[in-house]
Amino acid sequence: ALLRASLVDSDNTAHFVLLRNLDPTEIEDIYTHLGFDDVIDALKSSPNDQGLDNRITAKRYTIFFRSLYNATFLSPDSAQKFLTILKDAPQEYAAVGIENGTPYIHKTGIRVDDLVWADSGIVYLPGRPYLLTIMIQKKDGIMPKDGEVERIFEAISREIYQYVREVR
């Protein structure tokens, strides 16, 4: 229930409860496997999270989903359970640009203070599954107009979907 709340509902309280119940070496093993050694170094040098920059990059989102897809850290069964939970994520942002009926297992995220929106996941296009990560940041500090962010996600996602679907 906590994992579902953390992943699908983006419930930070559930996320922190999960983290508190993991051994720090387990977290370090995961981060090391994913190549996030700099995050481990930052945590060790700032144990109270003072000034810790925990933002995730588009590349790191993609590495995370590649690891799940290929089951390179978790067992295939555990990776599949994780992906099954994520299939219930709201079908918004990039999902809108993907043809109906094509499964898109993903995670969205928003950093309100930085005006950053992200969507990353796996598009299960038959015979051509692919990883998709889109991050949008408003640089001018002005909130976007209603629907502007959604339209950008949809346009980028639709263009990539059509390209991958039609490439021979």
Side-chain angles (χ1 to χ4, degrees), residues 1-22 27 30-31 34 36 39 53-74 76-165:
L2 284 174
L3 189 55
R4 177 175 294 286
S6 176
L7 295 173
V8 175
D9 303 329
S10 295
D11 182 326
N12 285 333
T13 301
H15 174 76
F16 291 122
V17 168
L18 284 169
L19 286 179
R20 268 183 278 176
N21 285 290
L22 290 174
I27 296 170
I30 295 166
Y31 277 51
L34 295 172
F36 301 173
V39 174
D53 184 358
N54 67 350
R55 291 178 285 190
I56 189 166
T57 65
K59 181 178 180 179
R60 287 185 170 165
Y61 262 120
T62 304
I63 289 169
F64 173 76
F65 274 98
R66 183 180 64 199
S67 180
L68 282 175
Y69 182 80
N70 292 319
T72 59
F73 184 78
L74 298 174
D77 286 344
S78 294
Q80 190 56 51
K81 285 178 187 174
F82 204 97
L83 291 168
T84 298
I85 290 170
L86 283 171
K87 78 174 176 42
D88 293 332
Q91 295 298 299
E92 58 190 0
Y93 297 132
V96 177
I98 297 168
E99 202 169 278
N100 282 339
T102 302
Y104 178 47
I105 296 177
H106 68 120
K107 175 78 176 102
T108 59
I110 301 172
R111 286 187 70 93
V112 177
D113 295 347
D114 296 327
L115 294 178
V116 175
W117 294 263
D119 191 350
S120 184
I122 306 163
V123 179
Y124 286 89
L125 183 64
R128 293 183 178 195
Y130 63 94
L131 296 165
L132 175 65
T133 300
I134 302 170
M135 293 182 83
I136 299 170
Q137 179 175 20
K138 292 296 285 185
K139 293 285 187 186
D140 55 13
I142 299 170
M143 285 299 290
K145 296 176 188 167
D146 283 346
E148 180 182 13
V149 169
E150 291 81 358
R151 284 189 297 276
I152 294 168
F153 271 104
E154 180 181 2
I156 292 169
S157 177
R158 184 177 315 284
E159 176 111 7
I160 293 168
Y161 180 86
Q162 289 173 348
Y163 176 82
V164 173
R165 185 186 64 198

With side chains defined as the heavy atoms from C-beta onward, is the minimum distance between Y69 and Y124 less than 4.5 Å? yes
Gap between atom CD of E159 and atom CD of E154 - 0.5 Å precision: 12.5 Å
V149 versus P144, closest heavy-atom pair with distance: CG2-CG, 3.5 Å
In this structure, CD1 of I122 is separated from CG of L131 (nearest 0.5 Å) by 6.0 Å
Keeping Q80 on the side-chain end and D77 on the backbone end, is there a donor-acceptor pair under 3.5 Å? no
If you measure from CD1 on I134 to OH on Y61, what distance do you get to the nearest 0.5 Å? 12.5 Å
Look at atom NZ of K138 and say whether more than 12 heavy atoms of other residues, nucleotides or ligands are closer to it than 6.0 Å. yes
How long is the span from the CG atom in D88 to the CG atom in D9, to the nearest 0.5 Å? 9.5 Å
Taking every non-hydrogen atom, the tightest pair across A94 and D119: N-OD2, 2.9 Å
Rounded to the nearest 0.5 Å, what separation is found between the NE2 atom of H106 and the CG atom of L132? 10.0 Å
Would you say that more than 12 heavy atoms from the other residues, nucleotides or ligands in this model lie under 6.0 Å from the CG of D146, or not? no
What verdict does the side-chain hydrogen bond (donor to acceptor under 3.5 Å, both in side chains) test give for T102 and Y161, after you've listed the backbone C-alpha separation in whole Å, the side-chain angles of each residue and the deciding distance to 0.1 Å? CA-CA 10 Å; T102 302; Y161 180 86; 3.0 Å; yes
Quickly, which of L86, L68, I85, V123 forms a side chain to side chain contact (heavy atoms under 4.5 Å, CB included) with I105? Name it, please. L86
Is any side-chain heavy atom of T108 closer than 4.5 Å to a side-chain heavy atom of E92? yes
Is the backbone of I160 close enough, under 3.5 Å, to the side chain of Q162 for a donor and an acceptor to pair up by distance? no
Carboxylate-amine/guanidinium contact R165 E99, below 4.0 Å: yes
Here the pair of heavy atoms bringing A14 nearest to S6 is CB-N, 3.9 Å
Check whether any side-chain heavy atom of F153 lies under 4.5 Å from a side-chain heavy atom of V96, and answer yes or no. no
Return the CH2 to CE distance between W117 and M135, rounded to the nearest 0.5 Å. 11.5 Å
Please list, chain by chain and in numerical order, all residues satisfying ring pair (Phe, Tyr, Trp, His ring centres under 6.0 Å) with F64, sequence neighbours excluded. F82
So does A58 get a backbone contact from the side chain of T62, meaning a donor-acceptor N/O pair under 3.5 Å? yes
Y130: ring pair (Phe, Tyr, Trp, His ring centres under 6.0 Å) partners, not counting sequence neighbours: none
Main-chain N/O of V8 paired to K107 side chain as donor or acceptor, under 3.5 Å: no
